[in-house]
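Excluded from the calculations below are hydrogen atoms, water molecules and symmetry mates; all remaining heavy atoms, backbone and side chain alike, are included. Order of appearance sets the numbers: ligands from 1, and atoms from 1 within every ligand.
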Amino acid sequence: MMSKKHKYIYILLSAIIATAAIPGCSDIRNTAFEEAETAGLPVPALLEDSNSDPEVADYELTAQFGSSTFFEDKKTQTMGYNGNFLGPVVIVKRGEQVNMHVKNDLDEDTSVHWHGLKVSGDKDGGPHQTIKPGEIWEPSFVINQPAATLWFHPHVIGSTASQVYYGLAGVMIVEDDVSEELDLPKTYGVDDIPLILQDRSFNSDGSFNYNSNMMDGAVGDTIIVNGAIAPTLEVSQVKMRFRIINGANASNFNLTVDDGAQFHQIASDGGFLESPVLEKSLFISPGERAEIIVDFSRFEKGQTVAMKSGDSDVMYFRIADSQKDDTIIPDELAEIERMKIDSSTPVKRIELDGMGHMVAINGRKFDMERIDDVVELGVIEVWEITSAASMMHSMGHPFHIHGVQFQILSRSSGQLSSNELGWKDTVFVAPGEIVKIMVQFEEKGIFMYHCHILEHEEAGMMGQIRVK
Ligand code: C2O
Ligand code: CU
Ligand code: CU
């Protein structure tokens, strides 16, 4: 059933997709440059399921070198999945069996980690599933979690951060009966659009200036969205759904639309919130996702509206035409059963500490040969995560766990905001703060947990847990 529907969407959108490829299909982007002052927003193509069985999907991804155009007349050496930069969007459906075929066409090791996906450790794509150049990795799994915006990226020891920086990242969308039935914008590429937010530094010849030695991770001076600098998206006066992925190596974004226009957040990392949350700004740290709905009917035809992070322009929306929009954002989106804990619930303490290459978790650096913790399948635990603050240096860390979606229990800094009550796999821990989360693994195997500042992860702010 799902497959039929996706096929329908696929046909419906083939025209759009043909003209809205990933950047680096650079002719298209150059045209956009000429026609407007800024590039049009690239919308990643949907990856085609090569299996005709509606209950089984087969997807092929190839990690490869590419060449992209961020500036007119300048080429940037990049990496991408099935293309020059970033990758296609993989749509999977709850209950469906998915067979992935991941090929490494690079000249270095890589892996593909499904960030946010609940699969067993051997399918997770972490450092234990390294793919050598020329090799193919073929994990199969059944999708067993609610509709959500997930993503995938490399996770190999020593080059996760650089490979993501060069462009290896893609979006995975999980659909289920809830997402298909809710009256929300859901036509991919039309009113449902992923926004992969990243930042980069460039050399004068257009090449990336990737500096892994920056004290607090590789922070760039140029924000890119889906691989384009400050792009423009033409929108009608309708409600648009954006699936926002912070795919930056180290930067947080604090997003606003038109200097404080309200929008609704409908989902966090692991799926829909129970009800939409009205916001004027959205804080999103590396690894996190949020789905928001912006109602453009409040703006005038011809107007250009900026999305900003702090003072920096992230992208623009040009209000193109009026169109009838009957969608009413539902008050109830999904049911989220709150996890229950009591005085017998086991507690783990995780201290994120240090800066630059001096980072550690509980005083230890990552060691592939060491299992840092063991937890039993299905047992609820409380993890108390702290970001050590010192006189010398203090910074926040986005803490991520593989293979699970957790719930935030509390923040020592104050009340949880309503958009923090849904499923999460990454949580920002501010300096000096204690964030408690409730974790229940439903899959066995070895899983990583780490700071999602990729240079911190690379420098050893990562541990591994065995779920048995
Ligand atoms: Cu995006 Cu180890 O994860
Ligand atoms: Cu992950
Ligand atoms: Cu960190």
Side-chain angles (χ1 to χ4, degrees), residues 87 110-121 123-130 145 148-161 163-165 168-172 196 198 212 214-219 245-252 269-270 284-289 350-362 365-366 368 385-389 393-406 423-433 435 439 441 443 445-465:
T110 193
S111 81
V112 177
H113 164 57
W114 322 107
H115 179 133
L117 196 65
K118 297 202 257 182
V119 290
S120 59
K123 314 286 171 70
D124 174 72
H128 294 280
Q129 288 91 45
T130 294
Q145 65 193 90
T149 302
L150 313 180
W151 63 305
F152 52 94
H153 60 77
H155 221 297
V156 74
I157 301 295
S159 30
T160 297
Q163 289 182 3
V164 172
Y165 199 93
L168 290 181
V171 177
M172 177 183 275
I196 304 167
Q198 301 176 306
S212 61
M214 286 173 76
M215 194 81 98
D216 297 330
V219 171
I245 296 100
N246 184 337
N249 280 44
S251 292
N252 300 320
D269 301 338
I284 186 163
S285 69
E288 287 186 297
R289 286 89 60 216
I350 306 271
E351 190 176 290
L352 307 168
D353 193 14
M355 60 174 177
H357 289 281
M358 303 300 288
V359 292
I361 293 183
N362 294 339
K365 279 188 180 297
F366 177 71
M368 189 91 158
I385 311 147
T386 58
S387 252
H393 187 80
S394 61
M395 68 179 299
H397 304 274
F399 182 76
H400 168 54
I401 314 177
H402 286 208
V404 74
Q405 292 291 336
F406 54 74
W423 294 110
K424 295 286 293 169
D425 55 52
T426 308
V427 60
F428 186 75
V429 185
E433 193 180 25
V435 177
V439 188
F441 282 92
E443 296 287 343
I446 295 172
F447 297 99
M448 306 293 133
Y449 55 89
H450 59 91
C451 173
H452 219 288
I453 294 177
L454 296 177
E455 288 73 24
H456 282 179
E457 176 256 291
E458 208 81 274
M461 194 179 259
M462 176 157 73
Q464 43 188 350
I465 192 158

Asks: If I consider every N, O or S atom in His456, which one ends up closest to the Cu ion (ligand 3)? I only need its name.
Replies: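 His456's closest N, O or S atom to the Cu ion (ligand 3) is named ND1.
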
Asks: What is the minimum heavy-atom distance between Val427 and Val435, and which atoms define it?
Replies: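 Closest approach of Val427 to Val435: CG2-CG1, 4.0 Å.
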
Asks: If you check every N/O/S atom of His397, which is the one nearest the Cu ion (ligand 3)?
Replies: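 Relative to the Cu ion (ligand 3), the closest nitrogen, oxygen or sulfur of His397 carries the name ND1.
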
Asks: Out of the N/O/S atoms in His452, what is the name of the one closest to atom 1 (Cu) of ligand 1?
Replies: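 For His452, the N/O/S atom sitting closest to atom 1 (Cu) of ligand 1 is NE2.
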
Asks: Among all residues two or more places apart in sequence or in another chain, which pass the side chain to side chain contact (heavy atoms under 4.5 Å, CB included) test with Ala430?
Replies: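 Side chain to side chain contact (heavy atoms under 4.5 Å, CB included) check on Ala430 returns Phe428, Glu433.
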
Asks: Confirm or rule out an N/O/S atom of His113, from backbone or side chain, lying less than 2.8 Å from the Cu ion (ligand 2).
Replies: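 His113 does place an N, O or S atom closer than 2.8 Å to the Cu ion (ligand 2).
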
Asks: Does Cys451 bring an N, O or S atom to under 2.8 Å of the Cu ion (ligand 3)?
Replies: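 Checking the Cu ion (ligand 3) against Cys451, an N, O or S atom does fall under 2.8 Å.
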
Asks: If I take every N, O or S atom of His400, is at least one of them less than 2.8 Å from the Cu ion (ligand 2)?
Replies: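 Here the distance criterion (N, O or S atom, under 2.8 Å) is met by His400, so yes.
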
Asks: Between Glu457 and His400, does any side-chain donor sit less than 3.5 Å from a side-chain acceptor?
Replies: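 Absent: no donor and acceptor within the cut-off.
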
Asks: Quick one: which of His128, Met462, Gln129, Gln163 gives a side-chain contact (heavy atoms from CB on, under 4.5 Å) with His155?
Replies: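 For His155, the side-chain contact (heavy atoms from CB on, under 4.5 Å) check succeeds only for Met462.
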
Asks: Would you say that Leu352 contacts Ile361 through its side chain, given a criterion of any heavy-atom pair below 4.5 Å between the two side chains?
Replies: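 Heavy-atom side-chain distance check passes, below 4.5 Å.
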
Asks: If atom 1 (Cu) of ligand 1 is the vertex, what is the angle to ND1 of His115 and NE2 of His153, rounded to 10 degrees?
Replies: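 Here the angle at the metal atom is close to 130°, to 10°.
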
Asks: With respect to His450, which candidate in His402, His113, His456 satisfies the ring-ring contact (aromatic ring centres under 6.0 Å, His included) definition?
Replies: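 Exactly one candidate clears the test, His402.
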
